[in-house]
Structure formats: C-alpha cells, structure tokens
Asker: 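Could you have a look at this structure, given as structure tokens, before my questions?
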Amino acid sequence: MPKEYRTIQEVAGPLMLIKEVSGVTYNELGEIELANGERRRCRVLEVNGSDALVQLFENSAGINLAESKVRFLGHGIELGVSEAMLGRVFDGMGNPKDGKAPIIPDKRADINGTPMNPAARNYPEEFIQTGVSAIDGLNTLVRGQKLPIFSGSGLPHANLAAQIARQAKVRGTDEKFAVVFAAIGITFEEANFFIEDFERTGAMERTVLFINLANDPAIERIATPKMALTAAEYLAFDLGMHVLVIMTDITNYADALREVSAARKEVPGRRGYPGYMYTDLATLYERAGRLKGKSGSITLIPILTMPEDDKTHPIPDLTGYITEGQIILSRELYRKNIMPPIDVLPSLSRLKDKGIGKGKTREDHANTMNQLFAAYARGKEAKELMVILGEAALSDVDKLYAKFADEFEKKYVSQGYTTDRSIEETLKIGWQLLSILPRSELKRIKDEYLDLYYNKENDG
C-alpha cells in the first residue's frame, strides 16, 4: 500500500506543495483523497529535498489542506494499449469517451516514451497518397516524415485534417494502415465534427481518437499528444502497422505549457513561452519515424494555427526547425474559395524527392513538379504586374502564364474536401494545365516526357 501524507502545505492555482515526503520521483503520479472520499489526480513537477511540488489534473476547489491526504503511486502516467483501441474515442487522459466499456490492455506504457536512437532510424522514402493534389503532387508526404500544417484562426484546417485522415494510404501494399487523431484544446463543436465525419465515412474503424476539449484542465492538454503517440508506438512497433498521427492544435498545447510554466513562476522566454519549449516540442515530434528491423512506422502531421498569421511566431518557428517542411494555408486563397487553401509556393516537403519517381509515383513526377512550381510563380508575378500596369503591358506569353496561375488554383489546388485523387489523376491534371503553355516554355521537363505526355493527357 503506498504511503499516505497529510502534510499539504499550500495550494496555488493548479500547483500544490507537500512537505516531508520521501522516495518520490519527478513525473510520478499521485492521488489526493479529500475528506469526503473524492479522489483527484496529480503529477510530481519538482522535488526539492523532502518537499514535492505537484500539479493537479482537476481543479483545486474544495481541497481542505488539513483533512486531505496524498499518496504517490510509484509510476508516471501510463496508457493501457491494445489493438481494441481502433475505432474508439478517448479523452485526453486515455479514458473511454464513447460510452463503451474500458479496453483490456495488452500492456501498460509510460506516455513519455523513450527517445528513438538516431542510429536505429530508417530513412523515410515511401510515398503516402493523401488524395490531395497540392500535397501529393508538389509537397509529397513520405512514410515516417513529420510534416506540419501551418494554418490561421478561422481557416479550414479541421476539414483538411479530416480529409487526410480519411484518405491517406500507402500504395501498392496491403499492410495495415491506422490513424491516431489527437484533438488538443478544441471546442465541443469541432470534436463532434471529427467524430461524425469519421463515423459517416467508415474511417472510424481504423482510427483511434483522443479528444481534449477547451474546458478540460491544462495538464490534460499537455498529456493528450503524448497519449496519442504512445498508442501510435504500440500500433506501429508492436503490431507492425503504418500509423499516421494527426494532432490539432499544437498552439493550444504550447499555450498550456505556458500556463503551467507561469504557475511555476519560471523565467519566461519569447512571448512568455517557457525557454524549454523547443526541447518539449522536439520530444513530441521526434517520436515519429521508422525503426530498423520494424515493419511499422509513424508519420506525423501536427497542425498549428499561427497567432496573427505570423510564421515567425515561436510555435511555428520552432516547429519548422524540428520537422521536415511545412504545408501553409493561405487566407487569400480561402477568400477566393479555393478549397483546401494550400499556398504551394511557401510550402515545402524536405523529403519529397525521396518519395517520388519511377516505382513510387511516376517517372515524370519530379520534372512536372518543378515546372508547375516555376510556371505558377511566374504566373503570379504576371498577375501582380497586370494589377499595377494593366493587361496591355503584358506580353502574350505573360498573359498565358497569368491564365495558367488562375487555372492552376481552380483545377489543381482546389478540389474540395471529399475528392480523393490518385497520384495518376494529380499528374494528369498537371499535364493538362502545362498544355496551356507553349512547349518551348517547358524547359524543366525532359523531351522524352514531353513526347509522352504533353497534350496527350488532354484527351477528353
């Protein structure tokens, strides 16, 4: 039986100080029993001699210091994992939220996991088809990659997240594919949207959902992404599945870190976020990847809303350092009703060249991708000139580029949230758009591919 302490000294916000403890360790889980028998959970944040500072999961209202007792459980926060998690909805602490019975775990795993040894990593190189042209064609996602989506408040990142979760697959294999979806600090309405969307489309049976609502405690918000990654590690490395982890919204997670840091009276860093936020985010993101000798993998798509659409804000800034690229959503495209509003020019997937080409997508993929980028960039320039100098100032070729930019946004980027395009369809649309331009302008494509596809993909 764990030893009980009746030495609670003080409570300040989500923190509580307990005196004269022994054998207590950092991150250990504790339980507070109130005078009326009610139990609340806490976690050790700091041990200083015989004093322990703990953080409460629930609120501190109604705790009578003299009559409450604390016991420490000898382990950190754990999640019971099993294949039966697929198709289920849990709260941010791993308790069932769908009204069904608790799962019988195959094992219990510490949610902090263990860092992946860089030498044991396998290089990500297998193409994942999301069915979204702007990602598959231009910023390709590769199995084992960390590719964040940078959004702004009010932009439809939830729809894009649900679409990717529904449609993502590794082509050419019959290996099991699962999605772990962590919703962090979202509203009840958004949570409902995800659950209903997954159930309606049948994606739920391969999905594990962790939902932490905006009115849940900050400490639970910090645990939610770790719960999701722990479930993903079990599915990937114990059961050999390909797992796609989607987290929305990392900004809410970082704000919870800041809240707890402020309660601990730590010295703040940029914009009040704790100085260790980089390290903290890295301990999350770096749990994704592929391990040598294991068939499973974890691919991670964290979604974050950039405060004031500022990509130099600490959260997107630090995320960009740790991950392999970013997909950026644009308010301007959203206003033009381009869905999903992915701004392909500043977006980047650093591993895209590893996941495309013969045997993975198609041999002409790299050439057409470069040509589409170049033509779209020039088309946008031509449109800006048109605004300043008028259409008369443009050459005939510039007018074609301006037309290309408009058509590219309407036909290639904009596809709605229900269209699931194969990579062949994406490449076909790319060639149809390139046929707007004269063949002499397509300098980034080898002649052999031009002979094969230029104007040929236009039939029908």
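What's counted below: heavy atoms across the whole structure, side chains too, no hydrogens, waters or symmetry copies.
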Asker: State whether K411 and E407 are salt-bridged, where the test is any N-O pair (Lys NZ or Arg NE/NH1/NH2 against Asp/Glu carboxylate O) under 4.0 Å.
Answerer: yes
Asker: Salt-bridge test for K360 and E126: reply yes if a basic N is under 4.0 Å from a carboxylate O, no otherwise.
Answerer: no
Asker: Got a sec: does the CD of E391 have more than 12 other heavy atoms crowding it under 6.0 Å?
Answerer: no
Asker: Please report the closest heavy-atom contact between E83 and D106, naming both atoms and the distance.
Answerer: N-OD2, 4.1 Å
Asker: Atom CD1 of I327 and atom CD1 of I135: how far apart are they, to the nearest 0.5 Å?
Answerer: 4.5 Å
Asker: Please check if any side-chain donor atom of T224 sits under 3.5 Å from a side-chain acceptor atom of Y253, or the reverse.
Answerer: no
Asker: Between Q163 (side chain only) and D420 (backbone N and O only), is there a donor and an acceptor less than 3.5 Å apart?
Answerer: no
Asker: For residues A218 and A256, report the shortest heavy-atom separation together with the two atoms involved.
Answerer: O-CB, 3.8 Å
Asker: What verdict does the side chain to side chain contact (heavy atoms under 4.5 Å, CB included) test give for F408 and L372, after you've listed the backbone C-alpha separation in whole Å, the side-chain angles of each residue and the deciding distance to 0.1 Å?
Answerer: CA-CA 9 Å; F408 177 80; L372 286 167; 4.2 Å; yes
Asker: Could you check whether D406 pairs with K403 (Lys NZ or Arg NE/NH1/NH2 to Asp/Glu carboxylate O, under 4.0 Å)?
Answerer: no
Asker: Can any side-chain N or O of R41 pair as donor or acceptor with the backbone N or O of E58 at less than 3.5 Å?
Answerer: no
Asker: Any side-chain heavy-atom pair from H242 and K176 closer than 4.5 angstrom?
Answerer: no
Asker: Quick check on the 6.0 Å ring-centre criterion: do Y449 and Y453 meet it?
Answerer: no
Asker: Dump the intermediate steps for side chain to side chain contact (heavy atoms under 4.5 Å, CB included) on V179 and V243, then the final yes or no.
Answerer: CA-CA 6 Å; V179 175; V243 185; over 6 Å; no
Asker: Heavy-atom distance under 4.5 Å between the side chains of F127 and L141, does that happen here?
Answerer: no
Asker: Could you check whether any side-chain N or O of S347 sits under 3.5 Å from a backbone N or O of D343, counting only pairs where one atom can act as donor and the other as acceptor?
Answerer: yes
Asker: Look at atom CZ of R444 and say whether more than 12 heavy atoms of other residues, nucleotides or ligands are closer to it than 6.0 Å.
Answerer: no
Asker: Less than 4.0 Å between a side-chain N and a carboxylate O, is that true for R264 and E46?
Answerer: yes
Asker: Using 0.5 Å steps for rounding, measure from the CD atom of E409 to the CZ atom of F404.
Answerer: 10.0 Å
Asker: In Å and rounded to the nearest 0.5 Å, what is the OH to CG distance from Y285 to D280?
Answerer: 10.0 Å
Asker: How close do L213 and I211 get, counting heavy atoms only, and between which atoms?
Answerer: CD2-CG2, 3.8 Å
Asker: Under 4.0 Å between a Lys/Arg side-chain N and an Asp/Glu carboxylate O for R143 and E125?
Answerer: no
Asker: Give a yes-or-no answer on whether the side chains of S349 and Q145 include a donor-acceptor pair shorter than 3.5 Å.
Answerer: yes
Asker: Is E78 paired with R108 through a side-chain N to carboxylate O contact shorter than 4.0 Å?
Answerer: yes
Asker: Does K383, at its NZ atom, have more than 12 non-hydrogen atoms belonging to other residues, nucleotides or ligands within less than 6.0 Å?
Answerer: yes
Asker: Could you tell me whether D317 and K311 have a side-chain N and a carboxylate O separated by less than 4.0 Å?
Answerer: no
Asker: Could you tell me whether D98 and R88 make a salt bridge, using a distance below 4.0 angstrom between a side-chain N and a carboxylate O?
Answerer: yes
Asker: Evaluate D249 against I184 for side chain to side chain contact (heavy atoms under 4.5 Å, CB included), listing each step before the verdict.
Answerer: CA-CA 5 Å; D249 179 338; I184 307 160; 5.7 Å; no
Asker: Output yes when E424 and R362 qualify as a salt bridge under the 4.0 Å nitrogen-oxygen rule, no when they do not.
Answerer: no
Asker: Within the distance-only criterion (no hydrogens, no angle test), does the side chain of T419 pair as donor or acceptor with the backbone N or O of G416 below 3.5 angstrom?
Answerer: no
Asker: Give a yes or no answer on whether the side chain of S414 reaches the backbone of I338 with a donor-acceptor pair at less than 3.5 Å.
Answerer: no
Asker: If you round to the nearest 0.5 Å, how far is CD of E233 from CE of M116?
Answerer: 6.5 Å
Asker: Scan side-chain atoms only and decide if R221 and N212 contain a donor-acceptor pair under the 3.5 Å cut-off.
Answerer: yes
Asker: F181 and ring-ring contact (aromatic ring centres under 6.0 Å, His included): which single residue from F193, F210, F90, F194 fits?
Answerer: F194
Asker: Salt-bridged, D310 to R271, with N to O below 4.0 Å?
Answerer: yes
Asker: Which atoms form the tightest heavy-atom contact between L79 and G94, and what is the distance?
Answerer: CD1-CA, 3.9 Å
Asker: Return yes if some donor-acceptor pair links the side-chain N/O of E199 with the main-chain N/O of E196 below 3.5 Å, else return no.
Answerer: no
Asker: Rounded to the nearest 0.5 Å, how far apart are CG of L300 and CG of L244?
Answerer: 8.5 Å
Asker: So, the side chain of D238 versus the backbone of L235: is there a donor-acceptor pair under 3.5 Å, distance only?
Answerer: no
Asker: Please check: side-chain N/O of R350 versus main-chain N/O of T323, any donor-acceptor pairing under 3.5 Å?
Answerer: yes
Asker: Please determine if D398 and R378 form a salt bridge, counting it only when a charged side-chain N lies under 4.0 Å from a carboxylate O.
Answerer: yes
Asker: Check whether more than 12 heavy atoms from other residues, nucleotides or ligands sit under 6.0 Å from atom OH of Y321, and answer yes or no.
Answerer: no
Asker: Under the side chain to side chain donor-acceptor pair (under 3.5 Å) test against D136, which residue among T130, T426, T361 passes?
Answerer: T130
Asker: Would a distance-only check, ignoring hydrogens and angles, find a side-chain to backbone donor-acceptor pair under 3.5 Å from T299 to G144?
Answerer: yes
Asker: Is there a donor-acceptor pair closer than 3.5 Å between any side-chain N or O of K292 and the backbone N or O of A119?
Answerer: yes
Asker: Atom CE of M227 and atom CG of D91: how far apart are they, to the nearest 0.5 Å?
Answerer: 8.0 Å
Asker: Do R121 and E286 meet the salt-bridge criterion of a basic N to acidic O distance under 4.0 Å?
Answerer: yes
Asker: Do E441 and Y401 have a side chain donor and acceptor closer than 3.5 Å?
Answerer: yes
Asker: Going by atom types alone, do D364 and W431 pair a side-chain donor with an acceptor below 3.5 Å?
Answerer: yes
Asker: If I compare all heavy atoms of F237 with all of G296, which pair ends up nearest, and what's the gap?
Answerer: CE2-O, 3.9 Å
Asker: Can you see which heavy atom on N252 is nearest to which on G185, and at what distance?
Answerer: ND2-O, 3.0 Å
Asker: Using distance alone, with no hydrogens and no angle criterion, decide if T230 and R287 have a side-chain donor and acceptor under 3.5 Å apart.
Answerer: yes
